[in-house]
Amino acid sequence: MDSTPTAWSDADAYLADLLVGHDPDLEAALAAQREAGLPAIEVAPVSGKLLNLIARISGARRVLEIGTLGGYSTIWLARAVGADGRVVTVEAEADNAAVARASIDAAGVGDRVDIRIGRGADVLPTLVGGFDLVFIDADKESNTIYLDWAAKLGHPGAVVILDNIGREGEIVRDDSTDPKVVGTREGLRMLGEDPRFDATALQTVGVKGWDGFAVAVVV
């Protein structure tokens, strides 16, 4: 089979059907997001399951998410932390937060999710540290700001996940003027050079195209 975006998407759908399955609450959250006109930039189902598994494997009980959108990934993370856990999720747009709040509550995990509305650079300094896992999926131009706060608000051994690092392969271009590419490159450089992190990154292909994510441990 040729390696094409269509083939990537088909393989992603196959894996999602096989390993994720259908979930009425998650599907309702996506439907609500679409109805509200929010962009379709949420994580793929297989990626949502991966977030859930990483949180469970790491034993995370306090999770920080930067970039709520419609709450799809938030639901995955809230399920992972359990009834005694807590997810603090930061969303810049109040309208997005309202959509997310309704979907999170409808999924039955509203009591473990705290949505903070505002730009990350303004909200993060107000939070109390001690997070076990930080998921960064917001404006790429601010990646280094978010990573700095992930280190400050985490603890040694905390997991940090930086999403959307593939950028269709544009990350190799040091002459790129695309702010998202520049922000991604700066974030990756920080993960490689900042002594507070030990990190790696993986490229992915699938329903979201050619992308990827970085995973780090706070040291």
Side-chain angles (χ1 to χ4, degrees), residues 41-43 47-48 50-52 54-55 57-78 80-81 85-94 96-97 100-101 104 112-167 171 178-202 211-219:
I41 55 174
E42 75 287 339
V43 301
S47 298
L50 179 62
L51 284 175
N52 178 277
I54 291 174
I57 291 167
S58 67
R61 288 295 174 265
R62 291 193 70 219
V63 170
L64 171 61
E65 177 184 51
I66 306 173
T68 315
L69 193 62
Y72 181 75
S73 55
T74 319
I75 294 169
W76 276 113
L77 290 167
V81 300
R86 193 75 173 169
V87 176
V88 176
T89 182
V90 181
E91 173 54 47
E93 302 294 334
N96 293 359
R101 179 82 269 169
I104 292 165
R112 55 185 93 162
V113 176
D114 179 6
I115 301 178
R116 303 291 182 93
I117 301 172
R119 293 192 60 80
D122 298 324
V123 174
L124 294 171
T126 71
L127 301 181
V128 177
F131 289 100
D132 305 310
L133 184 149
V134 181
F135 176 49
I136 302 171
D137 188 15
D139 60 299
K140 311 312 169 189
E141 298 88 337
S142 301
N143 273 343
T144 55
I145 295 173
Y146 300 149
L147 285 169
D148 180 55
W149 278 105
K152 291 176 179 176
L153 294 170
H155 55 76
V159 178
V160 179
I161 302 171
L162 180 67
D163 203 14
N164 306 129
I165 61 91
R167 313 308 313 174
I171 53 172
D178 182 335
K180 291 182 174 60
V181 174
V182 174
T184 299
R185 284 172 56 89
E186 290 175 347
L188 290 169
R189 185 178 299 110
M190 184 174 181
L191 287 174
E193 298 176 354
D194 192 315
R196 294 175 296 177
F197 299 106
D198 191 11
T200 191
L202 297 174
D211 205 351
F213 59 94
V215 179
V217 173
V218 177
V219 297

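Bear in mind the structure is a predicted one, so any value in this text is a computation, not a measurement. Starting from 1, each residue takes its place in the sequence as its number.
Note: F213 CZ to T200 OG1 = 9.0 Å, rounded to the nearest 0.5 Å. In this structure, CD1 in I66 is found 9.0 Å from CG in N143, a value given to the nearest 0.5 Å. The line from CZ of R185 to CG of D178 is 11.5 Å long, rounded to the nearest 0.5 Å. Annotation: the span from L64 atom CG to Y146 atom OH amounts to 11.0 Å, rounded to 0.5 Å. Atom CG of L51 sits about 7.5 Å away from atom CG of D163, to the nearest 0.5 Å.
Not a single side-chain hydrogen bond (donor to acceptor under 3.5 Å, both in side chains) links S47 to another residue, sequence neighbours left out. Take K180 and apply the side-chain hydrogen bond (donor to acceptor under 3.5 Å, both in side chains) test, not counting sequence neighbours, and it matches no residue. Not counting sequence neighbours, the partners of R101 by the salt bridge (Lys or Arg N to Asp or Glu O under 4.0 Å) test are D105. Checked against side-chain hydrogen bond (donor to acceptor under 3.5 Å, both in side chains), N164 has the following partners two or more places apart in sequence or in another chain: K140, D211. Taking R189 as the reference, nothing meets the salt bridge (Lys or Arg N to Asp or Glu O under 4.0 Å) condition, with sequence neighbours excluded. Remark: I54 engages L50, L133, V159, I161 in a side-chain contact (heavy atoms from CB on, under 4.5 Å) (not counting sequence neighbours). Applying the side-chain contact (heavy atoms from CB on, under 4.5 Å) test to I41 and every residue at least two apart in sequence or in another chain returns P39, L69. Remark: E91 engages no residue in a salt bridge (Lys or Arg N to Asp or Glu O under 4.0 Å) (not counting sequence neighbours). By the side-chain contact (heavy atoms from CB on, under 4.5 Å) test, R61 is found to be paired with D132, residues two or more places apart in sequence or in another chain being considered. Among residues two or more places apart in sequence or in another chain, the side-chain contact (heavy atoms from CB on, under 4.5 Å) test is passed with A214 by L162, I165, L188, L191, A201. Listed by chain and number, the residues in a side-chain hydrogen bond (donor to acceptor under 3.5 Å, both in side chains) with R116 are D114 (sequence neighbours excluded).
Residues V218 and V134 have side chains not in contact (no heavy-atom distance under 4.5 Å, counting atoms from C-beta outward). Counting only heavy atoms from C-beta outward, the side chains of L153 and L124 approach each other to under 4.5 Å. Residues F135 and T89 fail the side-chain proximity criterion, which asks for heavy atoms closer than 4.5 Å. Counting heavy atoms from C-beta outward, F131 and V88 have side chains that approach closer than 4.5 Å.
Taking each heavy atom of S73 and V43 in turn, the nearest pair found is CB-CG2, 4.1 Å. Here the closest non-hydrogen pair linking F197 and L147 is CZ-O, 3.2 Å. In terms of heavy-atom proximity, V113 sits nearest to A78 at CG2-CB, 3.7 Å. Annotation for G120 and P125: closest pair O-CD, 4.0 Å, computed over non-hydrogen atoms. When all heavy atoms of A55 and L77 are compared, the closest pair comes out as CB-CD2, 4.4 Å. The two residues A100 and G71 come nearest to each other via the heavy atoms CB-N, 3.7 Å.
In summary, the side chains of E65 and T74 do present a donor paired with an acceptor at a separation below 3.5 Å, with no hydrogens or angles considered.
Each salt bridge (charged side-chain N to carboxylate O under 4.0 Å, His left out) pair with one or both residues in residues 146-156, not counting sequence neighbours, appears once here: D148-K152, D148-R196.
For R167 (side chain) and V181 (main-chain N/O), no donor-acceptor pair under 3.5 Å exists by modelled atom type.
Within a 6.0 Å sphere centred on CZ of R119, heavy atoms belonging to other residues, nucleotides or ligands number 12 at most.
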